[in-house]
A.B. asks: 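To start, I am sharing the structure in question, which I have written as structure tokens.
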Amino acid sequence: MKHLWQRRSLTWLGLLLAFALVVAACGDDDAATTTTAAPAAATTTTAAPATTAAPTTTEAAPEGKPYGGEAIFANDQEPPTLNSYAPGGDNFIVSIVGQGYWTGVQEIDGFTLEIIPEVVTELPTVANGGITLNADGTETIRYTIRDEAVWADGVPISGDDFEFTYNIIMDPDLPITRTTYEDIDPDSIVVGPKTFEFTLTAPTVQAELIFGALIPKHDVEGSDFINDWNDTMWVSGGPFMFDQWQKGEFIRLVRNPNYWKTDAVTGQQLPYLDSVIIRFIPETAALINAFKAREVDVINPPPSIETIEDLQTLEAEGAQIEVLSGPIWEHLNFQFGDNRFERNPGSYNEFLEYRQAVAHLIDKQKIVDEILKGQVEPLDSYVEAFSPTLSLGAWAQYDYDPDKAIALLADLCARADTDCDANPVSTVFSTTSNNDARVTLSQLFVGMFEAVGIVYTNELEDSSVFFGETLDFGGTDLGEFAWVGTPGLAGLVGIHDIFDPEAPPPDGQNFYRWGTPEVTGADPEGYNQGASSVIDENTARFAVIRDAMNATVDEVELIALMNEAEQILADQVVIIPLYARLDPGAVWADELGGFKHNPSQAGVTWNIEQWYRVDL
Amino acid sequence: MFQYVVRRLVYGLITLLALSIITFTLLQNTGGDPLDRIKSNPRITQQAVQEMAVFYGLDQPITKQYLTWAGNFVQFWNYPTAWGRSFQGPQQVQALVINRLGGTARLMFTALGLAVLIGIPLGIYQAIKQYSFFDQATTTFSFVTFSTPIFVLGLGLQIILALKLEQWTGVKFFYTSGMNSTSYADFSLGEKIGDTLQHLALPAASIALISIAGYSRYQRASMLEVLHSDYLRTAKAKGLSQRTVIVKHALRNALIPVITLISLDIAGVLGGAVITESIFAWPGMGRLYIQAIGQNDWPIVMAVVMLIGVMVVVMNLFADLAYGWLDPRVRYD
């Protein structure tokens, strides 16, 4: 489970990958090729899209950007399927490719990192009348589809497509994740030619992420949905159409002549390029060499400092390297379940003084300087990885202060009535051994912990072990791994599930076991353990906040609740956010224009329709 | 002879059965769960996880999973469903594996062909010219290439011959990655051949350089042993020409141990070249295999291991039969 995620299809983004766990650590030419013919001309009598005629060959638009040409984007992963709803469709690369041909309710703006409407006229809110909070506690949502929105074959995108998408997702015979969709009352659905309305059993902000990838009823109806749409794609609603998949090598997308969007600045019809190739080059060194040799135009390489520095040397030759703070945020976490004692019999995680001491003894700036060469600032809150403007920076209270840490440890020894000279406080640190940054982190910790008198031990594990039994069973003392942030309120609300005291594994995702009750009868046995070492008024309040956040769509109320949750997590030092991973994007700017790197799950292809050849 | 072949085939089937059981058992005990990625989603429900487990057959007891897999695997004619689905998506393993066979065959047979065509004559000539400057120089070269890790060799060739050479000359001789250009289908026949060679040259050379070193060393040692044997001395004493002595009497016997090596290398062709295929983004079995291992995708791993197993059994039999052809003293009882 390496590299995850996406954009235009915010369906799975919301459902599956809002906070997907990051494991930083997977003849005959014709026979290996899947090709679709270009869609036939429109067969229904519909209003023509409100756009100009699509250019089909290389030609210059007056006073505008040139049409034509091809761009090649290279990625280290290949999609396991093209169908975002099929098993494996939640992989990041599926959406990177899908940006070309999917369309849905919403997309992420790469400049503002806000969720914006795509196929609908506006995102439904209470204020614009798109959302109605009913007296019986339900929530009705209404979409109005843009008049000009059509599929690539000219058939208008309609309410029928929304209903069909819903029916596919809810088909009990299909292995599709249905979270949030299950809350839709099937009897409440009202379908119009350009409208779609439904009622949720309770208000939830998660609804802002559904219907992110619409399925065209007229093309997919009657097909074997799971088996027929892996190697080829249904009729496009996006700027490009699927053309060819040469397995193990590349996918080719070609211009959708009926794409319904125009460039807001130039007024030109989109897209500019005739075709886009997505190539798959698994080795980072080879990816960089292919970029250096100008065999590819755009890359989004793994975020190692060496790679970034290597790429930056190409800027003089015309390359543009944009290094942004990505959505993947690394954090230290304390384990509050019983199994931590197997890792460290002397664990003091239940003592707030100990956790505060750890927060003070860590020199985050040094960590960022060593691991990321100071290219980003340390995190003062996990919220910064989602919506920086909403962050309180609640962990800023824990400045780097070894003396304060020593004083706190002395308080701890007094409160615990322990002779800390005879039995010094100890910490066992665990993370993945096959991630260079984390290995460096573990080495930096040695000096930091020992400087305040803590007996410190590193016990790193392969990621398959760490993200397997160790995390599931709470087998860490002090752990470190990463989650992925998602723009929008839905992502921020959702991340709090991982701290929900009412949700211990295996059914829940509170891997930290902060405030969780006893677990019995689970299989495998490792899940079964006693109640959390910390159950108090803070955990109780947090559980209330978490439930309240999932039952309102009032933005003001949500932000207040999220602020309170952030403050509790910081004050109680349940976790310690460290830094967000770098996210580099590189383009040969002297050849390709319109590229804007996007560090969110929208990915680098988020505005693929705006790319154009500079060298035409 | 017929009985010998049948007996060897029966032994081979038993070997393959044991191989499948051992591999399956090991894969079940390597840690990790194919559904880990799905389970790590905070919003996933237990019901959804269970549905995925049912979809992939992971809800069944291990023994039943194995028996189901084995029962389907032998029915390879039921394309493409016979070998089950990959756990990374809904794709059928048999289709994935067959898609990669062409790429792997192109790369590995080219590399093997180069290695045999260059390495064996080189070894023979080294033996004939033992301790000459040529022998010393090529021996040194062999040791250097043989001891160079393939990722160093591959990346080195990529940087020097694909990147730097183009910068120095302004002409693109080789590509850094891929099996063909993306616009390959639009090329003329001549352009297709040129494009293929430009992509194939570096990965094939990376593998071949190391194999040439191995083959030449084997062949040299084997040839030297034969050259110093009594029957060859007799042949020389009888006044036979050097050419007749070498080609007719020495070479045939000196090839026997090398035949074993080639047979096993051919058997390993299907496994691809994991590192080379990754470095050069070559769409082969090795890349598929290593990705599957990293993702606990055991249906793919089992399929590849079993294919290699079948090839080893077949090629070993072929090698033993070839001994009989090369050495009349060998009898099949």
Side-chain angles (χ1 to χ4, degrees), chain A residues 1-2 4 15-21 23 26-29 31-32 70 72 79-81 83 86-91 175 177-179 206 226-227 230-231 246-250 252 277 279-283 285-286 289-290 292-293 295 462 464-465 467-469 494-495 497-498 506-507 509, chain B residues 30-33 36-46 48 51-52 54-56 85-91 96 98-103 105-106 151 155 158-159 162-163 166 172 175-180 182 184-185 278-284 287-288 290-292 294-297:
Chain A
M1 181 173 69
K2 202 180 152 186
L4 318 177
L15 300 179
L16 293 176
L17 296 171
F19 320 103
L21 176 64
V23 176
C26 172
D28 180 358
D29 294 334
E70 183 174 84
I72 302 179
T81 173
N83 184 352
D90 55 350
N91 197 300
T177 307
R178 306 185 180 88
T179 320
Q206 299 301 329
I226 292 298
N227 291 313
N230 295 307
D231 298 340
Q246 188 82 27
K247 291 285 177 70
E249 293 195 82
F250 65 86
R252 175 185 281 114
I277 304 282
R279 281 191 55 190
F280 313 115
I281 304 178
E283 274 296 315
N289 285 341
K292 285 180 176 174
E295 291 173 20
D462 184 85
S464 63
V465 177
F467 289 115
E469 289 187 358
I495 192 63
D497 286 2
I498 63 171
D507 294 331
Q509 302 288 337
Chain B
T30 50
D33 178 342
D36 272 347
R37 189 172 54 81
I38 296 165
K39 289 178 180 173
S40 66
N41 175 3
R43 295 240 152 190
I44 201 79
T45 62
Q46 278 304 297
E51 283 180 14
M52 286 298 168
V54 171
F55 180 71
Y56 288 120
R85 290 182 194 270
S86 158
F87 290 153
Q88 299 310 306
Q91 301 208 59
L96 286 170
I98 287 174
N99 266 336
R100 298 299 182 100
L101 278 178
R106 183 188 295 187
F151 68 90
L155 284 173
Q158 197 174 66
I159 290 168
L163 266 179
E166 185 184 1
K172 190 160 202 68
Y175 286 93
T176 61
S177 52
M179 194 161 76
N180 285 116
T182 52
Y184 179 80
S278 295
I279 288 173
F280 292 97
W282 194 268
R287 238 172 88 188
L288 183 72
I290 200 71
Q291 284 169 353
Q295 295 164 335
N296 289 315
D297 199 348

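Fair warning: this is a prediction, and the values are worked out from it, not measured in the lab. Chain A is the first sequence line, chain B the second, and so forth, proteins listed ahead of strands; every chain is numbered from 1.
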A.B. asks: Are the side chain of Glu249(A) and the backbone N or O of Pro283(B) linked by a donor-acceptor pair below 3.5 Å?
C.D. replies: no
A.B. asks: Report which part of Ser86(B) has an atom under 4.5 Å of a heavy atom belonging to chain A: side chain, backbone, both, or neither.
C.D. replies: neither
A.B. asks: Pick one of side chain, backbone, both or neither for Phe280(A), based on which atoms fall under 4.5 Å of a heavy atom in chain B.
C.D. replies: both
A.B. asks: Do Arg279(A) and Ser177(B) touch side chain to side chain, with heavy atoms closer than 4.5 Å?
C.D. replies: yes
A.B. asks: Who passes side chain to side chain donor-acceptor pair (under 3.5 Å) against Gln88(B), sequence neighbours left out?
C.D. replies: none
A.B. asks: Taking side chain as everything from C-beta outward and backbone as N, CA, C, O, which of these in Ile281(A) sits under 4.5 Å from a heavy atom of chain B? Side chain, backbone, both or neither.
C.D. replies: both
A.B. asks: For Asn289(A), which atoms come within 4.5 Å of any heavy atom of chain B: side chain, backbone, both, or neither?
C.D. replies: both
A.B. asks: As an exercise: rank Pro90(B), Gly89(B), Ala281(B) by heavy-atom pairs under 4.5 Å with chain A and give me the winner.
C.D. replies: Pro90(B)
A.B. asks: Asn83(A): which residues meet the side chain to side chain donor-acceptor pair (under 3.5 Å) condition with it, sequence neighbours left out?
C.D. replies: none
A.B. asks: Do Leu155(B) and Glu283(A) have side-chain heavy atoms sitting under 4.5 Å apart?
C.D. replies: no
A.B. asks: Among Gly88(A), Gly248(A), Pro79(A), which residue has the highest count of heavy-atom pairs closer than 4.5 Å to chain B?
C.D. replies: Gly248(A)
A.B. asks: Quick one, Asp231(A) with Gln91(B), criterion side chain to side chain contact (heavy atoms under 4.5 Å, CB included). Give me CA distance, side-chain angles, the key distance, then yes/no.
C.D. replies: CA-CA 9 Å; Asp231(A) 298 340; Gln91(B) 301 208 59; 3.1 Å; yes
A.B. asks: Quick one: does Leu288(B)'s side chain get under 4.5 Å of Lys247(A)'s, heavy atoms only?
C.D. replies: no
A.B. asks: Heavy-atom pairs under 4.5 Å with chain B: which of Lys292(A), Glu70(A), Glu295(A) has the most?
C.D. replies: Glu295(A)
A.B. asks: At a 4.5 Å cut-off on heavy atoms, which part of Asn227(A) comes close to chain B: side chain, backbone, both, or neither?
C.D. replies: side chain
A.B. asks: For Phe151(B), is it the side chain, the backbone, both or neither that has a heavy atom under 4.5 Å from a heavy atom of chain A?
C.D. replies: neither
